[in-house]
Amino acid sequence: MNKLDKILDNLASQKPKLNDADALCDSIMDSLPEQHRQESHWIGILRWSTSIAATFFLMLFIGQNINNEVIQGTSSSVNFATRYQQTINEVANASSVQEAILQFAKKKETQISIYNIKKQYSL
Amino acid sequence: MVFTLAFRILCDEEDAKDIVQDTFIKVWVNITRYDLNQNFRTWVYTIATNLCLDRLKQKTPIEPLPEEEKYFSEYTSDIECDRHLENSELIAIIKTLVHKLSPKQRTVFTLICLENMSPQEVTQITDMDADKIKSNLYVARKTIREQLKKLGYE
């Protein structure tokens with residue numbers, strides 16, 4: 001075996017010492033980025049469809065509630081008249097529809113629709 | 001394991017620690033890309049070797065200092081003795097031997113002669129074909145022998 005091979009064999013058996021292995025370990029652990037979870041493609045689709053469905057049902061619910069309020073409002077169009085009965089009575093003596101409407105306008109009863117007035121008094 | 005490899009290629013303790021850190025971070029980040037058919041050790045070594053090569057290419061080669069050549073002469077005169085060398089002595093000895101090698105020659109020489117890896121493993125790690133590995137190793141050993149002659153050790 002020549003000198004070079006002896007040198008290399010001896011060098012191969014010599015291992016360097018790692019002096020502060022714990023500190024290096026800690027440094028590595030602190031540097032590790034958060035592992036990205038690779039979601040399945042189907043989970044992504046499920047998330048989107050759940051969000052869309054939830055939004056749809058929410059809007060449906062809100063829409064239904066608004067609709068109910070409107071219906072209640074319409075049915076109480078007569079109640080509008082009842083509520084403003086006093087006002088209506090005051091203008092009932094008006095000689096014409098136009099005069100009645102004018103009276104209402106003056107009293108600023110904007111919530112009573114002209115339709116309701118006509119309905120109430122079969123005009 | 002990774003520290004020893006990086007230490008021998010780079011001849012610097014701090015650089016070797018950086019390589020160890022970078023290697024394990026890369027392993028962690030790319031673990032989903034690990035091919036189960038591949039040997040895990042080989043995969044880790046591939047990452048570490050590539051990082052060492054990049055670091056070597058960035059560094060300018062430094063000639064060994066006279067004190068470092070002194071360590072080498074003490075080592076060669078006492079080679080039969082089974083004394084464990086300090087890190088600084090190892091750096092000096094390896095640097096004296098390999099400072100004239102190119103990064104690829106140094107890598108191939110370290111993997112085969114100091115890490116005792118087979119040419120097949122080195123092919124997988126360095127992505128060089130068998131002929132390139134042989135030629136790099138031949139040139140590395142020839143350069144080192146000339147260096148030893150110049151220093152009066154052959």
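Here is how names work: the chains are called A, B, and so on, in the same order as the sequence lines, proteins then strands, and each is numbered from 1. Everything numeric here is computed off the predicted structure, so don't read it as measured data.
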Peer 1: Please classify the contact between B/F7 and chain A as side chain, backbone, both or neither, with a heavy-atom cut-off of under 4.5 Å.
Peer 2: side chain
Peer 1: Between B/L148 and A/I7, does a side-chain contact (heavy atoms from CB on, under 4.5 Å) hold up when you go through it step by step?
Peer 2: CA-CA 11 Å; B/L148 285 177; A/I7 291 170; 4.1 Å; yes
Peer 1: With only heavy atoms counted, which part of B/I91 is less than 4.5 Å from chain A, the side chain, the backbone, both or neither?
Peer 2: neither
Peer 1: CD of A/Q14 to CG of B/L90: how many Å apart, nearest 0.5 Å?
Peer 2: 5.5 Å
Peer 1: Would you kindly confirm whether A/M59 and A/W48 end up in one hydrophobic cluster when ILVMFWY residues are joined by side chain heavy atoms under 4.5 Å apart?
Peer 2: no
Peer 1: Might you point out which heavy atoms bring B/C113 and A/A12 nearest each other, and give the distance in Å?
Peer 2: O-CB, 3.8 Å
Peer 1: With sequence neighbours left out, write down each residue that passes ring-ring contact (aromatic ring centres under 6.0 Å, His included) with B/Y138, or none if nothing qualifies.
Peer 2: none
Peer 1: For A/L32 and B/F24, work out which heavy atoms get closest and say how close.
Peer 2: CD2-O, 4.1 Å
Peer 1: Chain A heavy atoms under 4.5 Å from B/I93: which part of the residue, side chain, backbone, both or neither?
Peer 2: side chain
Peer 1: How far apart are the closest heavy atoms of B/V20 and A/I28, and which atoms are they?
Peer 2: CG1-CD1, 4.0 Å
Peer 1: Against chain A, label B/E86 side chain, backbone, both or neither, depending on which of its atoms sit under 4.5 Å from a heavy atom there.
Peer 2: side chain
Peer 1: Would B/L53 and B/L10 show up in the same hydrophobic cluster when neighbours are defined by side-chain heavy atoms closer than 4.5 Å?
Peer 2: no
Peer 1: Do A/F61 and A/F56 sit in the same hydrophobic cluster, where Ile, Leu, Val, Met, Phe, Trp and Tyr count as joined when their side-chain heavy atoms come under 4.5 Å apart?
Peer 2: no
Peer 1: Counting only heavy atoms from other residues, nucleotides and ligands, does the tally under 6.0 Å from NZ of B/K26 exceed 12?
Peer 2: no
Peer 1: In sequence, state the C-alpha distance, the side-chain angles, and the governing distance for A/L8 and B/R141, and then conclude on side-chain contact (heavy atoms from CB on, under 4.5 Å).
Peer 2: CA-CA 10 Å; A/L8 294 180; B/R141 287 180 70 103; 3.9 Å; yes
Peer 1: Step by step, would you call B/H84 with A/K17 a side-chain contact (heavy atoms from CB on, under 4.5 Å)?
Peer 2: CA-CA 10 Å; B/H84 183 80; A/K17 265 185 260 178; 3.9 Å; yes
Peer 1: With salt bridge (charged side-chain N to carboxylate O under 4.0 Å, His left out) as the test, would you mind laying out the steps for A/D5 and B/R145 before giving the verdict?
Peer 2: CA-CA 10 Å; A/D5 289 332; B/R145 214 173 265 121; 5.4 Å; no
Peer 1: Count the heavy atoms belonging to other residues, nucleotides or ligands that lie under 6.0 Å from CG of A/D26, then report whether that count exceeds 12.
Peer 2: yes
Peer 1: Are B/V122 and B/V139 connected, step by step, through hydrophobic side chains (Ile, Leu, Val, Met, Phe, Trp, Tyr) whose heavy atoms are closer than 4.5 Å?
Peer 2: no
Peer 1: Need one label for B/I144: side chain, backbone, both or neither, based on atoms under 4.5 Å from any heavy atom in chain A.
Peer 2: side chain
Peer 1: Are A/I45 and A/I52 grouped together when hydrophobic residues (ILVMFWY) are joined by side-chain heavy atoms under 4.5 angstrom apart?
Peer 2: no
Peer 1: Just grab all the side chain to side chain donor-acceptor pair (under 3.5 Å) pairs involving residues 2-24 of chain B, residues at least two apart or on different chains.
Peer 2: A/N19-B/E13, A/D20-B/K17, A/S27-B/Q21, A/S31-B/Q21, B/R8-B/E115, B/E13-B/N87, B/D15-B/R55, B/D15-B/K59
